[in-house]
Structures are given as structure tokens and as C-alpha cells.
Amino acid sequence: MEVQLTPLEYLQVGTTQPHTLKLLPSASGKNSKVVVGDNDGVITCFGVKKNAPVIVFKTLGGPAISHMELINDRIFVSCKREVKGYSKKGKNFFNISTFMTEDIQSMCVRDGHIQVAGEYLYSHYIDNKDKHYYMAADVIRGMAAAPLPATLDTDTRLPRDASPLPVLACADSAIRVLDGSDCILSLDTPSPAHCITHFPHPDARHGYFLVGCSNGFSLIALSRKGAEIVWTMTSPDSAAVTAIKAYDLQGVGVPNVIVGRSDGSVEVFSFEEGPDSTSVEPKLNYRSVCSSAITSIEAGHVSSSTYAEVVVATFSGNVICFSTNPSLQSVDAVTSRQTADILKMNQLRDKIAAVEATLVQRKDTIKTMQTTLTKRTKTKEVAAVQTLPDMDVHTTFELREMHGCYFLSLEFPVSIDKVLLEAIVPMDLLDVDSSDLRINITPCDSTPHSLLATCFCPPNTTRVELKLRSIEGQSGVLRVYAIPADMSPAVAYLQKVDVKPLSLHIRVADGAIDELPNSTTITGDFSIDLANQWVAACFPEVASKPTNPDRVTYHFKSTFLLTRITVEIIPGNIAIHSDNLSSLSIAKEAISKAATTLNVPIDIDDVCVAGSVIGIVQVMTEKIKQQIELLQQIDILRTLKEVALQEGDLSAMSEEYKMILQNEAQIMATHKSRPYYLQRLFGVLSDLFIDMRKAQGAPAKQHMPSLLELFDPYDPDQVANFFLHFAHEFDEAQDV
């Protein structure tokens, strides 16, 4: 069934953090109120009448609100390391200091119980006393609590005294179920988890949760003795899921899945009609894009008791409603909203004028104080003490599988003037021409840098998104300097992003080691914790601490070549398996360097099959052919345009040329998104040959000129024969 939603912007508050918006139910059965907490520490509660917000209460500012939960009509929020309770009229009736060593990021509350989680730590307070404690292996990004059945059997009933168990969504692609202070169950997710919420199963089954991940979302079933992934909606081309909710928008008895993403997308998915329909992944029915990252999603009846609504909060503080009311799409309704928007704009202009007048007065006061201070100290100049304004910055650095590159997103509560990129590690800035930004790339020939770029933003830009592709084999730090507009003196906010040696690999749930012919075994007197740190410094999406004290296994896939690599860690032993000699060589060198830095003696044993490079060469050949064909089409387009200017008539062209002209926009967009792509492909082939010769214990330098000659012009058969020759040479030497 199709879902038609109409967006309405309700309110503007301060910047918000995840899970800080809730719908406050009415005891009398009336419409719900919206409650939102922001980084200014203000809790705002409002209702909606005639599609306009009506403030119920607004608290004073304070520490930033990091999470919000409801118990009936009572509001509980976390700020720093405290939990506060407010009544439906905004009266503060409850305060508790948790004495945690970390600020609270997630929270679950029920009568007599408060469960809080920081970055790594979880604590359970019963009657305001700390009873249970747990430390996760990686960052806790979300938490939910619900009673779980004993098994996954659909006929299993919950015992009457079943208490809700906390379920942690962690950044190491794992869902952990706790009972007291112990982790009784762990389930691997397809990608790192970002959020989790309870899923109300239409058949009243228990233990179902929706998990939002980096590349999609999943429905999982949990019990005390087992867990399974029911289905997964993978979106390799989409941003990470930062908020997720299940609610029946259409009143058909089956909930919709409502998803919010870090790029501002809001999506509604619907299940097919029929028995057990939720056992199959839903289909996308509605999509809209907001101008800011989505931090919270709720659904219910806010302005109408008949039509359900989706209410979202964005990082920038916009509270937006998506209503199912069809009357809002009429011409009269649109005109009425436009009139209301004009009234709001006029009111905002008046407020801005008043603030500007106050600002001028404050500047005059400061200037007078500086003059007085100068006279008192008898100095010619006294520099005003400048402090960096405390500003919330939302930064994401996500690897998109389909693109094979990173998406860097910066979002500020104020306008951005320019963004500067600095990197010593080799990185390519993609889609430079297609961006709304004006980008200047500085040549780095005489500097140690590999990337120096300045991005000038259009006026009123608060969000910047850039595409970057790293070159595997080298590691370093990408420094991003964001300079807000209209700030005197100019200040820059620095964001640092670690680029790891195998940065273009993503973690996957499983992999077949038998299909990976090459391996490296590293042995020595080191602990599993230290070995895990070495692996975490080499691969993305790996926790700094092992999830198991005895044995840990990680599986990765290259987004560039689709090759696989598996790492098995036990105390004193690291076994790496891969079908790509280059990836294996990079991992081995990175771990060896880390061990040498710490003066840890290690032994390395390699098992390499030189013939395995032939499959990689075939994959590379297809990519090179496609890129050469693309460059040829670019040359043809330029020639056809020149002919069109001179002749004016292209009707006699062949069908091939007509097809190229029809696809001109797509061809040019693909070309602009792949700068230096062909040279990079040749570089990967060259590195593959060098790594193959290293595995053979033979030099590669003397043969490199012969290989480079085959690249211009590219001869796929000759290149394949070149690699085959040295592969057979190695196999014959092994047989002897």
C-alpha cells in the first residue's frame, strides 16, 4: 500500500543529539505532545493546533540533553552524568547523579530501574543504587530493553516475572544482550550498528528488534538462548541509518519501518499484505530529504486523531512532521501554509533585528571596557582575549560500498565560509566539478603533503559533503579545517580522521577461509589484546579490544576489487588469509611495523600461491577496459561537438555515435567522478606484481619497465601472459 506524506516544519530548537525527541501521550486520549531536548539543555514541549505549534512548557538551559525516555506522562532526560525527571507540565521532580566516568549517551528507564550507557560503560541502577556494570569491547551506539523469551520458538510464552533485558548496539558490528553484569548473547550484524529499537510484532511475538547500521537495517530476533537475523535491507549507496522506528501509519495492523539517515533522508518502508508478512524485507514506499542529518524519529497522532504522523528532529534543531493527512496536499492547505510561513519569517526578522541591536550595544560596551583597560595599563594596544565559541559540529566519515570511496560530511549550526583539507597520506578528491563548492587544489610537489585543497562554500551553507578515495598501503591522518562565516576574528574548527592502511575494506559477517589461497602467520610472545590493537590499526571497523578473550575472527571485503581477507587471532598467533597478495602484504607490513615499534619479537611464515594473482589481473583488466572505453567516448564527444559547430547537421551519424550523444550527461558525470582512475588502476597492477615478486623472494625492479611498456597502449593479453610467466616460474621453483 502506497504511503503519501506531507512535510510540515513545526519548530526550531538548538542542535540535537540522537534519541532526544519523544511523543508525550495524553491521559485523556487526546493528541500527543512533542517533547524535544537540545544541546542548550532546553526541554521544549509543544502541542499542535491548526498545524501550528503551541508551547506547553520550556525549561531553562543547562548541560546538553543526550537522551530522552518516557514513563507514561513523565519525562526523563540524561545530561552529562546525571538523569533528571520532569512532569508533563515541566516541573523537575527527580535528579540522580550516576557517578559514571563517561557522559551518558543511551538510557532505558522503567519504574525503579535506570539503565544508562556511556561510550563503553553500562550501569544498571535499581532504586537509585548501582547494581550491575558492564564494559563493552567497542563504542555503544544505542540501547533498548525488552523481555526476551527463553528460545526463538514462535510458541514460547514469556514468564510472568520476565524482566526487560538491555540490548546494546555496538560499533564493532555486534548486538549484545546483558543479564545483570554478564553478556549472555552476541549477534553479529552485517555492518556497524548505529541505533536499535523494539519492533512490535503483529503476531505478538517477543524479542524482535530493528537495528540501523552503516549500510542498511535489519530485523533481528533475540532470546535468552539464541539469536538470528530475520532479514536485512542493504543500501550500499545510502548513508548510515541514525534513527529507526516501527509504527503502523496506515492502520492496517502491520507496522511500517521508518528510517532516518545521516544525510537527512527520511524513508518509509511497508510490508506486503499476507500472513507472516514481516518475515520478508519491506519495500520502500516514501522518501524525502531534509537539509540536516536525522537524529530522532517518532510516530503517532500529534495534530490529528485520525491521521498518523512521523515527527523527526534534525541535528540543526528542526522539528519536522510528515503527515498522512491527504487534505494537507490541497491547494487551499498549501496557500494557508505559505501565508503562515510568511508570518513566521516576519516574526523571525523582528527577532533578528532585536538581537542585532543588542549585539551592537554589547560591542560598544566591550569597546569601552577595552579602552578603559588600555588607559589603566598604560599600553598602546591591548589585544582582547579571544575564546573559541563552543559550537556543536556533526562530522561523519563513511565508506560507501557501491562507490568504493569515503563520504566526508560536516554540519555546523552556523554558515560555513570555507573548508580546508590537509593530508600526508595519498587521497583523491572526487566529483570536484559537479559539487556546488568552488574547490581549489594546491599542487603538493614541493611539500610533504599529498592533498591540500580549499573548498569555498556558497552563502548560507551549513552542511558540506565531499567524496574522497584513499590509496591502500599507506596510513595517516586527514585534517579538516572548517571556518565559519561572519566570525571575527576568523577561527577554524579542526576535525581529524584516521586513514588506515586497508581503509577501503569493509567488515562482513562471514567468509570462507578455504577459498583464500594465500596466508601469513605471525607468531610471538604477545597477548590477544595487543594483537587485536595491531589489527585495529590496520583495518577499519575493528574494536580496540577483542570481543572474546580466547579467539577472535574478522572478515573483510575490498570495496575496490571485491577481494576477501580474513584475520584469526589467538594469544601469540595472528593468521591472515586472502585471495589478494597485495592486501596480505599491506596487512603483514603494518603489523610487523607495529610489533617493531613496541620491540616485540615475532616470526612470520608465508604461504603464497602466485597463480592467485591471475584472477586479480582479470578483474583489473575489465576495469581498465571500461575506463579506456570511457575515455574514448569522451574524445568522441569532443570531436562530435566540433563537427556540430562546423557542419550543424549530425543526422548522418552512426547509431553508436548517436547513443554516445544521448548518454552525454551520464558519460561526463562518470568521467568527472573518476579523476586519475586509469593511472590508479595501473598502479594497483604494478603493486600486485611487486608483491608477487616479494612473496617469491625475488626482485621486481628490473622487470618493471617491461610491465609499464604494456600499459601504453594497454594490451590485456600481453599483461596476462606477463603475470602468468612469473607465476609459472614460481610454481616450478616450488616443485623443485
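Hydrogens, waters and symmetry mates are skipped; everything else that's a heavy atom, side chains included, is used. Nothing here was measured: the structure is a model prediction, and the numbers come from that model.
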Exam field: side chain [X] to backbone [Y], donor-acceptor pair closer than 3.5 Å:
| X | Y | result |
| --- | --- | --- |
| S323 | N325 | yes |
| T461 | R463 | no |
| D73 | K88 | no |
| E541 | R507 | yes |

In terms of ring plane angle, is the pair [X] and [Y] parallel, tilted or perpendicular, where the classes change at 30° and 60°?
| X | Y | result |
| --- | --- | --- |
| Y406 | F397 | parallel |
| F76 | F93 | perpendicular |
| H124 | Y122 | tilted |
| H67 | H19 | tilted |

For residues 127-150, tabulate all N or O donor-acceptor pairs below 3.5 Å that involve a side-chain atom, not counting sequence neighbours.
| residue | atom | partner | partner atom | Å |
| --- | --- | --- | --- | --- |
| D138 | OD2 | D172 | N | 3.4 |
| R141 | NH1 | A193 | O | 3.3 |
| R141 | NH1 | H194 | NE2 | 3.2 |

Output all residues satisfying salt bridge (Lys or Arg N to Asp or Glu O under 4.0 Å) with E298, sequence neighbours left out; order by chain, then residue number.
K22, K245

What's the spacing between L410 CG and T395 OG1 if we round to 0.5 Å?
5.0 Å

How many angstroms lie between atom OH of Y120 and atom OG1 of T101, to the nearest 0.5 angstrom?
12.0 Å

Would you say CZ of F99 has more than 12 non-hydrogen atoms from neighbouring residues, nucleotides or ligands within 6.0 angstrom?
no

Take atom CD1 in I55; do more than 12 heavy atoms of anything else shown fall under 6.0 Å from it?
yes

Among V211, L187, I175, the one residue meeting side chain to side chain contact (heavy atoms under 4.5 Å, CB included) with I229:
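When side chain to side chain contact (heavy atoms under 4.5 Å, CB included) is applied between I229 and each of V211, L187, I175, only L187 qualifies.
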
Test log, rule ring-ring contact (aromatic ring centres under 6.0 Å, His included), inputs F57 and Y86:
CA-CA 11 Å; F57 71 81; Y86 293 86; 7.3 Å; no

Looking only at side-chain N and O atoms, does N31 offer a donor or acceptor that is under 3.5 Å from a partner on S305?
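N31 and S305 do not have a side-chain donor-acceptor pair below 3.5 Å.
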
Would you please say whether a donor-acceptor pair under 3.5 Å links the side chains of N39 and Q17?
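Per modelled atom types, N39 and Q17 side chains form a pair under 3.5 Å.
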
